[in-house]
2 protein chains.
Amino acid sequence: MSADSREALSGGDETKQGAGGDEAGGKSSLQRGLAILRLLASSNETGARLTDISRALDLTPPTVHRLLKILVEERMAEVDKATKRYRLGIDLFGLAAQAGNPNNLRDICRPILLRLSATLRDTIFLLVRSGFDAVCLDRSEGPFPIRSFTGDIGGRVTLGVGQGSLAIMAFLHAEEREEVIRFNLPRMQGVGIIDEVYLRTEIARVRDLGYASRSTGLLPGMSGVAVPVLDRDGHAVAALSVGTISERLNEERLPVVVDILKRESAAISRQLNPFDPVLRRPAAILGGGPA
Amino acid sequence: MSADSREALSGGDETKQGAGGDEAGGKSSLQRGLAILRLLASSNETGARLTDISRALDLTPPTVHRLLKILVEERMAEVDKATKRYRLGIDLFGLAAQAGNPNNLRDICRPILLRLSATLRDTIFLLVRSGFDAVCLDRSEGPFPIRSFTGDIGGRVTLGVGQGSLAIMAFLHAEEREEVIRFNLPRMQGVGIIDEVYLRTEIARVRDLGYASRSTGLLPGMSGVAVPVLDRDGHAVAALSVGTISERLNEERLPVVVDILKRESAAISRQLNPFDPVLRRPAAILGGGPA
DNA sequence: CAAAAGCTTCCGATATGCGGAATAGATGGG
DNA sequence: CCCATCTATTCCGCATATCGGAAGCTTTTG
């Protein structure tokens, strides 16, 4: 299953090197350390041993050893003393909990995702733009028994591939959209729309309808609908997306789903950039710690 | 409100330096880079400028600049071009989403936390042990209007301070517990139980009752109840904890709350370490990406 | 029990990261 | 409008932290 995921989500690592492969990015120890963290993230089910890392990143064992030692001290990584396997450490939680893109988008959307997944019974994704990719910021799985397990939190898709990213692209600033199209067209080899004219037509259509829905043919039998989440200027800050089997998005049900998505998206927009930028979280009265 | 949080949660940085202060930890650039990330996490509401970081960590601007450049390239940090303020980057999501302590504890507990916060109407915390501290792995806020805003995800408390960590301590291996007591007693200056004999009595009591509940006097008017989450061997892997105002944990309601917590804790235990270690997540059938 | 593979420590050479100083840019006040 | 001040960025020589080979030590494998 992991293989499928990788394929659909474009690896996640090959940002610039393209053909190169799996070198440990740059040469600074900070970069190397982060590369190790990334590797640990990708092998988290099982954990990774020192030599695994050493080989995968093309670093000598002593180097990896020293970096890991630091990472463990800093609690960014952990060792299972018994198996000598390394995994990600607990302090990453503390960081990621604060790493909201525009403010607390994720927190704001969390209850809405839950509502949506309960109502629509399918898995809901929250995507945001990051450079020339869309990133899965959060997701909530619905009870429907056939579920999509690609699109892990943190996973990246090339902007333009998939309904969610189309929804985002359609509501970018015009110049930004041009930039993205220029940059991404060459990257969309095999997946997504590779014909520029067709891509522009699609984007116009999405912009017109206010939602994106079409089987991109990524995986036969699966379809998706997505609506943008707009800021006050009408530009996309994110997208809400549903992925499910095509049968569940037929002519009858699709308009209903779109309608619900649009309503929730509007609810999110209303909470974004509130007029008072200070009190973004609900009013705190008193604190007691984890009791 | 941030000040309160810091006070109650023991800063989060002063691991060994004690009196030292806010130096950027060790001297490796990896450590410095991570220190920057930590700083960004703590100032995420507003973001931090280069000189802020420079001053706070006692690093020269060029150094900070170079490190930040790397972090931004690696998407661990982001710059708001307009305000020149730095915040945490989106790739931390990808890391943290995988950084589950024992496997997917957090994912497993998420729905349970939600249920609990809805049922009990108060904020529920999920705590795990990390070294000599307890760490807030997740939390779910209940609708009750007086809420606790300390205990951010990723926040740390000295093991022994608060009901959640007592619940964990009471169900550790005996040797480990001794080690924790030895190490933590000196750290519990002013907060928590500073008398060893009393601490041991309390722990025994918690072990006996199967839950911890007593106002530690951390914040007047606030109380908490916590139950351990046990693994197959009966040792604590985590704790579920409710924090609320003391009135809501009176003699009448307390047993009810404890009962509910215990039931949910047992439900979690059942899902931990399943006999088949492979299929930890619910069965995936097909993937479609974020559609 | 021997052999192999993995982990850890040591240490010298060198590349890497550091910070002072100078430049460029932004901000605000006179 | 221009100057003063603060901040961000670039440059460069020095020093040091980092690297990796080699060797000891531990664990796994056959």
Side-chain angles (χ1 to χ4, degrees), chain A residues 16-17 20-40 43-44 46-89 277, chain B residues 16-17 20-40 43-44 46-89 277:
Chain A
K16 45 196 69 165
Q17 318 297 48
D22 45 6
E23 313 266 314
K27 19 195 64 170
S28 78
S29 31
L30 178 52
Q31 280 170 312
R32 294 202 233 250
L34 294 175
I36 290 180
L37 290 181
R38 289 206 152 88
L39 186 74
L40 291 180
S43 57
N44 75 318
T46 152
R49 288 173 313 167
L50 190 143
T51 38
D52 300 335
I53 302 170
S54 163
R55 271 195 278 273
L57 299 179
D58 198 33
L59 300 170
T60 61
T63 300
V64 176
H65 183 252
R66 191 173 37 79
L67 292 175
L68 278 174
K69 203 169 128 196
I70 295 174
L71 289 174
V72 169
E73 273 168 12
E74 298 279 337
R75 285 191 297 257
M76 297 295 168
E78 295 174 351
V79 199
D80 183 333
K81 302 270 186 190
T83 66
K84 293 284 188 73
R85 291 189 115 86
Y86 289 85
R87 55 201 146 91
L88 292 178
Chain B
K16 44 196 69 164
Q17 316 297 48
D22 46 5
E23 314 267 310
K27 20 195 63 170
S28 78
S29 27
L30 178 52
Q31 280 171 311
R32 294 202 233 251
L34 294 176
I36 291 180
L37 290 180
R38 288 206 153 89
L39 185 73
L40 291 181
S43 58
N44 75 319
T46 152
R49 289 173 312 168
L50 191 144
T51 39
D52 301 336
I53 302 170
S54 164
R55 271 194 279 273
L57 299 180
D58 199 33
L59 300 170
T60 61
T63 300
V64 175
H65 182 252
R66 193 172 34 77
L67 292 174
L68 278 173
K69 203 170 128 198
I70 294 175
L71 290 173
V72 169
E73 274 168 12
E74 298 279 337
R75 284 190 298 255
M76 296 295 168
E78 297 174 349
V79 196
D80 183 332
K81 302 269 185 192
T83 65
K84 291 285 188 74
R85 291 189 117 87
Y86 289 84
R87 54 201 146 92
L88 292 178

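Order of the sequence lines fixes the chain letters, A, B, ..., with proteins taken first and strands second; residue numbering starts at 1 for each chain. Bear in mind that the values here come from a model prediction, so they are computed numbers and not experimental data.
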Visitor: Is a side-chain donor or acceptor of B:S54 paired with a backbone partner of B:L59 at a separation under 3.5 angstrom?
Guide: yes
Visitor: Tell me the interatomic distance from B:L67, atom CG, to C:dG19, atom C1', rounded to whole angstroms.
Guide: 12 Å
Visitor: N/O contacts under 3.5 Å, protein versus nucleotides 20-22 of chain D?
Guide:
unit_1	atom_1	unit_2	atom_2	d
D:dG20	OP2	A:T60	OG1	3.1
D:dG20	OP2	A:T63	OG1	2.7

Visitor: Would a 4.5 Å heavy-atom cut-off, applied to side chains only, mark A:L88 and A:L37 as touching?
Guide: yes
Visitor: Would you call B:V79 and B:L68 a side-chain contact if the rule is heavy atoms closer than 4.5 Å?
Guide: no
Visitor: Think A:R85 has a side-chain N or O under 4.0 angstrom from the OP1 or OP2 of C:dG6?
Guide: no
Visitor: Rounded off to whole Å, could you give me the NZ-to-C1' distance for the A:K84 and D:dT28 pair?
Guide: 11 Å
Visitor: Could you walk me through whether A:I53 and A:L40 pass side-chain contact (heavy atoms from CB on, under 4.5 Å), step by step?
Guide: CA-CA 8 Å; A:I53 302 170; A:L40 291 180; 4.1 Å; yes
Visitor: Whole-Å distance between C:dT9 P and A:K69 NZ?
Guide: 6 Å
Visitor: Do A:L34 and B:L71 touch side chain to side chain, with heavy atoms closer than 4.5 Å?
Guide: yes
Visitor: Quickly work out the B:D80 CG to D:dT7 C1' distance and round it to whole Å.
Guide: 16 Å
Visitor: Roughly how far apart are A:E73 CD and B:S28 OG, rounded to 0.5 Å?
Guide: 9.0 Å
Visitor: Within less than 4.0 Å of OP1 or OP2 of D:dA8, is there a side-chain N or O belonging to B:H65?
Guide: no
Visitor: Let me spell it out: for each of A:L30 and A:Y86, pick the nucleotide of DNA chain C with the closest heavy atom. Which residue's pick is nearer the 5' end?
Guide: A:Y86
Visitor: Choosing from D:dA17, D:dA8, C:dG17, which nucleotide comes nearest the side chain of B:K27?
Guide: D:dA17
Visitor: Hey, does the side chain of A:R32 reach the backbone of A:K27 with a donor-acceptor pair shorter than 3.5 angstrom?
Guide: yes
Visitor: Could you walk me through whether B:Y86 and B:D52 pass the side-chain contact (heavy atoms from CB on, under 4.5 Å) test, one step at a time?
Guide: CA-CA 10 Å; B:Y86 289 84; B:D52 301 336; over 6 Å; no
Visitor: Which residues in residues 46-53 of chain A have at least one heavy atom lying under 4.0 Å from any atom of DNA chain C?
Guide: A:R49, A:L50, A:T51
Visitor: Within the 4.5 Å heavy-atom criterion, are A:L50 and A:H65 side-chain neighbours or not?
Guide: yes
